[in-house]
There are 2 protein chains.
Amino acid sequence: MKTLKHSRHREAIVRFLMTRKDHPTAEVIYNNIKQEYPKISLGTVYRNLSLLAEIGEIQKITCGDSSDHFDANINPHPHFVCKECFRIIDLEMDNLNFLNTLAEKSFDGDVEKHQLIFYGKCPDCKEKALQNQQ
Amino acid sequence: MKTLKHSRHREAIVRFLMTRKDHPTAEVIYNNIKQEYPKISLGTVYRNLSLLAEIGEIQKITCGDSSDHFDANINPHPHFVCKECFRIIDLEMDNLNFLNTLAEKSFDGDVEKHQLIFYGKCPDCKEKALQNQQ
DNA sequence: TTTCATAATAATAATCATTCCTAATTTTAT
DNA sequence: ATAAAATTAGGAATGATTATTATTATGAAA
């Protein structure tokens with residue numbers, strides 16, 4: 001197994017990700033890190049994001065749009081995706097681990113984790129729709 | 001709004017999808033339909049899959065691997081993805097619509113639907129792992 | 001603190017799924 | 001049958017992501 005060496009870039013990626021609640025894409029992360037480290041390359045961002053997700057330090061979110069999103073909050077929690085503005089919102093719901101147990105009762109496999117994504121209209125877009133009606 | 005015209009290809013795609021429980025990718029669907037309609041093009045498969053998903057006649061499943069998968073069963077149900085063989089399995093669980101209600105209580109948006117994917121080891125891979133231990 | 005093995009990187013090419021484009025064909029309402 | 005509009009094949013284009021390679025940075029051991 002490969003031993004990790006310290007990397008400023010990787011550290012910066014995690015640090016940046018921890019400041020954001022909106023689950024940015026690799027591209028967005030790249031553009032932001034570039035301000036601190038102008039020479040960083042997009043490939044480095046992708047490589048480190050994969051690595052970090054693999055070792056479980058961050059979480060990759062695949063919500064159905066064209067790009068993957070990343071979340072520094074590895075505590076299992078559901079997400080909401082707005083079908084209008086495509087923003088991703090963390091939902092604060094009670095612990096849903098019981099779903100894994102429930103799933104395991106329905107077949108013979110081992111369940112380790114789950115990803116739960118809700119789709120609909122976010123508070124902002126809901127509000128805008130209401131205003132347009134009047 | 002565009003009115004749909006009848007299309008043998010689109011019909012064949014739906015018909016094929018209904019015979020499968022394994023949620024094939026566009027590529028797999030293409031290779032199978034090709035045996036009945038050798039001149040069909042991959043673009044046609046993609047276009048029709050998008051269209052069918054849009055009008056709600058089929059369902060697109062984005063589970064985190066490189067390709068989208070498709071399901072003719074539009075009745076909401078959770079999926080299981082094996083982290084070893086990557087197969088997708090339908091889970092037969094009790095109705096989980098209450099999750100949408102629960103989610104709506106946690107913020108101000110409108111929830112229309114959800115996608116629930118469990119990850120772990122499928123029955124076959126679990127069995128294989130056991131045999132290798134002995 | 002030098003040395004050295006190896007991880008990490010920049011830059012860029014390559015890959016792969018998916019979408020777009022266009023001219024030709026099919027469908028269907030009249 | 002006619003014509004408008006949807007559908008198609010074939011291939012080019014796009015866009016996200018991964019792979020490649022030569023160079024640089026890191027960290028353990030001497």
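Keep in mind the model is a prediction, meaning the values are calculated, not measured. Chain identifiers are assigned alphabetically (A, B, ...) following the order of the sequence lines, protein sequences preceding nucleic acid strands; residue numbering begins at 1 within each chain.
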Of the options [options], whose atoms approach the side-chain atoms of [X] most closely?
X	options	answer
Asp68(A)	dA7(C), dT17(D), dA17(C)	dT17(D)
Thr44(A)	dG27(D), dA10(C), dA16(D)	dA10(C)
Ser66(B)	dA10(C), dA17(C), dG27(D)	dA17(C)

Could you check whether any side-chain heavy atom of [X] comes within less than 4.5 Å of a side-chain heavy atom of [Y], counting everything from C-beta outward?
X	Y	value
Phe118(A)	Asn100(B)	yes
Asn31(A)	Glu27(A)	yes
Thr44(B)	Arg10(B)	no

Separation of [N] [atom2] from [X] [atom1] (nearest whole Å):
X	N	atom1	atom2	result
Asn48(A)	dA10(C)	CG	C1'	13 Å
Leu42(B)	dC16(C)	CG	C1'	11 Å
Lys34(B)	dA9(D)	NZ	C1'	13 Å
His69(A)	dT17(D)	NE2	C1'	14 Å
Ile40(A)	dT24(D)	CD1	P	18 Å
Leu51(A)	dT18(D)	CG	P	12 Å
Asp65(B)	dT18(D)	CG	C1'	15 Å
Ile13(B)	dT8(D)	CD1	C1'	11 Å

Original post:
Any cation-pi pair here, Lys113(A) with Tyr119(B), using under 6.0 Å and within 45°?
Top reply: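 Output yes; distance and angle both within limits.
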
**OP:** Go through the side-chain N and O atoms of His69(B) and Asp22(B) and say whether any donor and acceptor fall under 3.5 Å apart.
**Re:**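 There is no such pair (donor and acceptor under 3.5 Å, judged by atom type) between the side chains of His69(B) and Asp22(B).
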
**OP:** Determine the contact category for Ser50(A): base if any of its heavy atoms lies under 4.0 Å from a base atom, sugar-phosphate if only primed atoms, P, OP1 or OP2 are that close, otherwise nothing.
**Re:**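 If one applies the 4.0 Å heavy-atom cut-off, Ser50(A) turns out to touch the sugar-phosphate alone, with no base involved.
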
Original post:
Contact class for Arg10(A) (heavy atom, under 4.0 Å): base, sugar-phosphate, or nothing?
Top reply: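 Answer is sugar-phosphate: Arg10(A) comes under 4.0 Å of backbone atoms only.
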
Side-chain N or O of [X] versus OP1/OP2 of [N]: is the shortest distance under 4.0 Å?
X	N	value
His9(A)	dT9(C)	yes
Tyr46(A)	dT17(D)	yes
Arg47(B)	dT7(D)	no
His6(B)	dT7(D)	no
Arg8(B)	dT27(C)	yes

Subject >> Residue closer to the 5' end of DNA chain C, Gly43(A) versus Ser7(A) (nearest nucleotide) >> reply: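 Looking at DNA chain C, the more 5' nearest nucleotide goes with Ser7(A).
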
Subject >> Donor/acceptor link under 3.5 angstrom from Lys5(A) side chain onto base of dT6(C) >> reply: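 Yes, a donor-acceptor pair under 3.5 Å.
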
